[in-house]
Trainee: 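Next up is a structure, given as structure tokens.
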Protein chains: 2
Amino acid sequence: MNLTAAEENYLKAIYHLSDGASKSVSTNDIAAEMKTKPASVSDMLRKLGEKGVINYRKYYGVNITPEGKKFALQTIRKHRLWEVFLVEKLNFAWDEVHEVAEELEHIQSPLLIQRLDAFLNYPKFDPHGDPIPDEFGDVKARPRVPISEMEIDQSGQIVAVKDSSAAFLRYMDKVGAYIGARVKILDKVEFDGSVEILVDQKKSIFMSKDVASNILAIQS
Amino acid sequence: MNLTAAEENYLKAIYHLSDGASKSVSTNDIAAEMKTKPASVSDMLRKLGEKGVINYRKYYGVNITPEGKKFALQTIRKHRLWEVFLVEKLNFAWDEVHEVAEELEHIQSPLLIQRLDAFLNYPKFDPHGDPIPDEFGDVKARPRVPISEMEIDQSGQIVAVKDSSAAFLRYMDKVGAYIGARVKILDKVEFDGSVEILVDQKKSIFMSKDVASNILAIQS
DNA sequence: AAATTAATTTAGATATAGCTAAAATAATAT
DNA sequence: ATATTATTTTAGCTATATCTAAATTAATTT
């Protein structure tokens, strides 16, 4: 069974909205996520239901099925592998890759993805720090902590951002923070929760609690 | 102005059928090339005519316009760059790349193609020996001669095949001939036009006139 | 429990890209 | 010059993926 590009996109959105579990998701939420109208969503849910990738009870939202989860994870895998390719091989900036990857992920060729994976040396995380599912849909999870929750003198590595809006990514670039950067907490201001960190053992950055809680790290 | 994937494919077919010039092309020929029905072609010709990429006079076939030629060459450029990528970076065999490149060529991102071109070191020819148009649509032409028309003791390099069917490409692989191979004509049998060639100064191959006239080389 | 509001679905559009069958036009043969 | 054949176009239908507007269902208030 094959899915159209539109179906793959809906399924991916449903997977994300259900937090990777089979939590129930509403028509309106899907419409917001997909930037389309609830009426269009209803139609698509009927189709996805018929294909067995979601359980659909009219008026009661949907749950993704195990089969659907498999499809969603494959699409996510393709998306993230292309992102790695764009950043590591074609020198795209990590805030420029999303739209192109959004197109590339729908290319239908298992062989292509297999070869791409090998070419990229089987990466486990994309440029945003998100894990890349393997061909069976298994993901290597990393426990992530917002920088705001780390203690003084603790070290770690930035692996993701919660808010990946262009504005926030530009901010990151500007102050010299990036996915993969080694960080160490220099100081925390108790009054407002703001934080001072050392990046790559040389550059010190001061940030508000809001910013610090948007940046996720693995501790080391 | 943007073209859909289907429109790009039609335009490419029309460009090929008119031999790169603005020769007139018939509805039936386009239908055969596109493996679709003449009725569908008529419909598409109307649309392409409205977009100004072809000149369309009902019942009299079509001519590609300079604007259309530009679009066709860009699509061909994308297709051939992806083929180079698949063969050189992802280790695809050169007879496996067409279908995937057929999908990849429709990804809409000028930046992507620019970067891909640089990553591949600005290749001028694809794995089949066909020239890759530059971003302005200019192509580096190579005068090609069928091996069957070369003289005894002449040397050259295989740059393309006329018939690029999977069957023929498999034959090429089997006997050890490939695009880029250095060849020298060892013998020609006058009676049936069959030819014996030396590949890469070591392997001798004997082939019928039919095969020899399918393999194109530049002489050196 | 009925009325209001919010969420969701259905009905009826549009646009793209394909199809078949019938009609129209052009080319060829008698 | 007319008839036949080949080619091409039109008309009407199918499927996908959207949309708006109207109808329906569920949830919440009073």
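Every heavy atom of this structure was used, including side-chain atoms; hydrogens, water molecules and symmetry mates were not. Sequence lines set the chain letters: A, B, ... in the order given, protein chains first and strands last, and positions in each chain run from 1.
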Trainee: Closer than 4.0 angstrom, basic N to acidic O: yes or no for Lys47(B) and Glu50(B)?
Mentor: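 The answer is no: the pair does not qualify as a salt bridge.
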
Trainee: Among dA17(C), dT18(D), dT9(D), which is the nearest nucleotide to the side chain of Glu7(B)?
Mentor: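 The nucleotide sitting nearest to the side chain is dA17(C).
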
Trainee: Which letter, B, S or -, goes with each nucleotide of nucleotides 22-28 of chain D from 5' to 3', with contact meaning a protein heavy atom under 4.0 Å?
Mentor: --BSS--

Trainee: Can you measure Asn2(A) atom CG to dT16(D) atom C1' for me and round it to whole angstrom units?
Mentor: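 Checked: the CG to C1' distance equals 15 Å.
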
Trainee: Got a salt bridge between Lys51(A) and Glu7(A), using NZ or NE/NH1/NH2 to carboxylate O under 4.0 Å?
Mentor: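 Yes, this pair counts.
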
Trainee: Sequence neighbours excluded, which residues qualify as ring-ring contact (aromatic ring centres under 6.0 Å, His included) partners of His98(A)?
Mentor: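 Testing His98(A) for ring-ring contact (aromatic ring centres under 6.0 Å, His included), a comparison that skips the adjacent residues, returns His79(A).
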
Trainee: Among the nucleotides dT9(D), dT8(D), dT18(D), which one has an atom lying closest to any side-chain atom of Tyr56(B)?
Mentor: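 Looking only at side-chain atoms, Tyr56(B) lies closest to dT9(D).
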
Trainee: For Glu8(A) and dA17(D), what is the distance between atoms CD and P respectively, to the nearest whole Å?
Mentor: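 Whole-Å distance recorded here is 11 Å.
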
Trainee: Measuring to OP1 and OP2 of dT9(C), would you say a side-chain N or O of Thr27(A) lies under 4.0 angstrom away?
Mentor: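 Answer yes for this pair, as a side-chain N or O of Thr27(A) is under 4.0 Å from OP1 or OP2.
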
Trainee: Does a nitrogen or oxygen in the side chain of Thr36(B) sit under 4.0 Å from OP1 or OP2 of dA17(C)?
Mentor: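 So the side chain of Thr36(B) is outside the cut-off, no N or O lying under 4.0 Å from OP1 or OP2 of dA17(C).
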
Trainee: List the residues meeting side-chain contact (heavy atoms from CB on, under 4.5 Å) with Asn9(A), not counting sequence neighbours, and say none if there are none.
Mentor: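 Partners of Asn9(A) under the side-chain contact (heavy atoms from CB on, under 4.5 Å) test: Lys12(A), Met34(A), Glu102(A), Glu105(A), His106(A).
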
Trainee: Between Asp210(B) and Ser208(B), is there a side-chain donor-acceptor contact under 3.5 Å, judged purely by atom types and distance?
Mentor: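 Distance-only check fails for Ser208(B) and Asp210(B).
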
Trainee: With a 4.0 Å heavy-atom cut-off, tell me which residues in residues 39-50 of chain B come close to DNA chain C, sorted by residue number.
Mentor: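 When residues 39-50 of chain B is checked for heavy atoms under 4.0 Å from DNA chain C, the hits, listed by number, are Ala39(B), Ser40(B), Met44(B), Lys47(B).
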
Trainee: Tell me, please, which residues at least two apart from Asp117(B) pass side-chain hydrogen bond (donor to acceptor under 3.5 Å, both in side chains).
Mentor: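 Listed in chain order: Arg77(B).
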
Trainee: Rounding to an integer number of Å, can you tell me how far Lys35(B) NZ sits from dC19(C) P?
Mentor: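 Nearest whole value for this atom pair: 13 Å.
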
Trainee: Please give, in whole Å, the distance from dC19(D) C1' to Met34(A) CE?
Mentor: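 In whole Å, dC19(D) C1' and Met34(A) CE are 15 Å from each other.
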
Trainee: Do the rings of Phe119(A) and Phe85(B) sit parallel, tilted or perpendicular, given the 30° and 60° boundaries?
Mentor: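 Taking Phe85(B) first and then Phe119(A), their aromatic rings stand perpendicular (interplane angle over 60°).
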
Trainee: Does the ring pair (Phe, Tyr, Trp, His ring centres under 6.0 Å) test come out yes or no for Tyr15(B) and Tyr10(B), once each step is laid out?
Mentor: CA-CA 9 Å; Tyr15(B) 176 80; Tyr10(B) 271 95; over 10 Å; no

Trainee: Nearest whole Å is fine: how far is dA17(C) P from His106(B) NE2?
Mentor: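 From His106(B) NE2 to dA17(C) P: 11 Å.
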
Trainee: Residues in side-chain contact (heavy atoms from CB on, under 4.5 Å) with Asp134(A), at least two apart?
Mentor: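 Scan of Asp134(A) (side-chain contact (heavy atoms from CB on, under 4.5 Å), adjacent residues dropped) gives Phe136(A), Asp138(A).
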
Trainee: Can a side chain N or O of Asn28(B) be found less than 4.0 Å away from OP1 or OP2 on dA6(D)?
Mentor: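 For dA6(D), OP1/OP2 do not have a side-chain N/O of Asn28(B) under 4.0 Å.
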
Trainee: Would you mind reading off the distance between Lys37(A) atom NZ and dA11(C) atom C1', rounded to a whole angstrom?
Mentor: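 So the NZ-C1' distance, Lys37(A) to dA11(C), works out to 18 Å.
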
